[in-house]
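One structure is given here, and the rest of the page talks about it.
Heads up: numbering here begins at 1 and tracks the sequence. Counting starts at 1 for both ligands and their atoms, following the listed order. Keep in mind that the numbers below use all heavy atoms, side chains included, and drop hydrogens, waters and symmetry copies.
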Amino acid sequence: MDSFLKNKNSGWWDGSVGYEIYMRSFADSNGDGVGDLPGVIQKLDYLSWLGVDLVWLTPFYPSPMADFGYDVSDYCGVDPLFGTLEDFDELMEEAHRRELRVIIDLVPNHSSSQHPWFLSSKSSLDNEFRGYYHWRDPGPDGGPPNNWVSHFGGSAWTLDELTGQYFLHLFLPEQPDLNWNNPKVIQEFDEILKFWLGLNVDGFRIDVAQGLVKNMLMPDNPYRFPIRSDMSPRQVFAAFDHRYDLDQTGNLEIFRRWRKLVEPNDALLLGEVYLRDNDPNRVSRYVGSGDALHRAFYFAPMHVPWLPQPMWDTFRDALDAAPVDLSWALSSHDDPRAPTRLGGGNEGKQRALAYSVLLFFLPGLPFLYQGDELGLSSVELDPEDLADPVATRNTVETDGRDGARSPIPWANAPEMGFTTGTPWIPMGGRSYEDTAEYQQETDGSWLMSYKELLKLRKEHLDPNAPLRWVTARDSGVIAFRRGGTISALNVSDCDSEIVLPEGEWELVFQVGEVKKISELLIFGVNSAVVLLLTS
Ligand code: NOJ
């Protein structure tokens, strides 16, 4: 029974906890204000001490940085801002010496508009690279070929005067979409994957995994609801049913191909499968057949309100659809930090930690985003300090991403030890209590609590133990058992009780107020526990 959860997607990642490093804001070694690879090397001991197993590095490739590295102009290099290939080698060696795995961010949906492929492609209608991208004649009215919109605002098409055709970009015009129906693009990426596997990477986080293949007839997407001029790019994007630009079945063929390619190296394929409706049945297709992605991020937990019914629906539906293969994250560089989303202040921080008790004991691969372990909230920046193009290029008020991207406060030092220079975006008014230095020395700090939680997970959670719900949808407490552990989270707005299953259960980790009276547990609001079966 214990091997129930072992399936075709099992691997070294089964018992792991991941940690997302947003390169620009993690640690700067050379005083230019931007985090870099040597900075990451300097913090590997910290990551080992914290108890994570796997590090995901956001893009560090040569890039004009229009989208801060998600616009790649050379897939097989390192941008000088982040270091050199030698630094990357050293990072891999130092990480592996500490038994830390490293996965890198692969950005296959689009390149930079400065990539040599695109520069050639745009040079003439019959250039040999023309077919690497999506070029189309104007629509009948002379405007864009269809109604597709960019995630970052406006039409997904930009006219190139030279050839009189439009090119497609689901993000910025500086990020033209690659044409995954072109076998040459497929071959190029085979070589890119092999290049990095040759440098011993432990896998790939695949950016925009839901978007690679497009319907080549490029029909208009149906509207779900009308667009208003005061809507943010995210809202406008959500106003469409993305029937023809996202989540096409061809994506799976590409991932099946990559799966064969990475298997000899035992490398992980983890997809960012960002489907706005978060339909778990659709996300599960990317992992369900056991021969495509090993894991897919599931984003609904980052958006669901802190209320019993939506929470129950989110987790039960997701685990019914994909019982083993999802990846969970508390926060990311694209969304508000968890404590902010969950109410702000101390309450938000407590809720984020309590939520981790749930997320980190579920089957699947959980991730911390840098600074989650410090209980960091998003920061508020002055309008002139905003850097994210989502914020700077749109006139309507947007949910730009800078608030979650301010640099990590490490210590009691200028710029909180992040850099000896001027940070690329402001630190955002962090206090000494926010720093890793302070929290490492303070019992009961957020950092020490997250570290304790990870330790418990490592020591006591059998990654192959199936999940059994201890409570049901009518309870304000979401509780489940896996082997000899129970995790329980009170998401109701009042005290709640549960009765423990048979056996002697010891309460080993607690967030907020929880009383255990024999087999009865009484939860205060925003509280959570981990229990271990002792006999
Ligand atoms: C998802 C990444 O996480 C985000 O930061 C980026 O802007 C888009 N993909 C486009 O690459």
- Query: Is the Lys NZ or Arg CZ of Arg101 less than 6.0 Å from the centre of Trp13's six-membered ring, within 45° of the axis?
  - Reply: no
- So do Phe129 and Ser123 actually touch side chain to side chain, heavy atoms under 4.5 Å? no
- Query: Between His151 and Phe237, what is the ring plane arrangement, given parallel below 30°, perpendicular above 60°, and tilted in between?
  - Reply: parallel
- Task: Quick one: pull up CH2 in Trp157 and OG in Ser150 and give me the separation to the nearest 0.5 Å.
- Result: 12.5 Å
- Atom-level proximity to ligand 1, residues with heavy atom under 4.0 Å: Asp67, Tyr70, His110, Phe152, Phe171, Arg205, Asp207, Val208, Glu272, His333, Asp334, Arg401, Arg405
- Query: Which one of Asp71, Asp177, Thr158, Asn109 satisfies the side chain to side chain donor-acceptor pair (under 3.5 Å) criterion with His169?
  - Reply: Thr158
- Of Tyr133, Tyr132, Trp135, the one forming a side chain to side chain donor-acceptor pair (under 3.5 Å) with Ser121 is Trp135
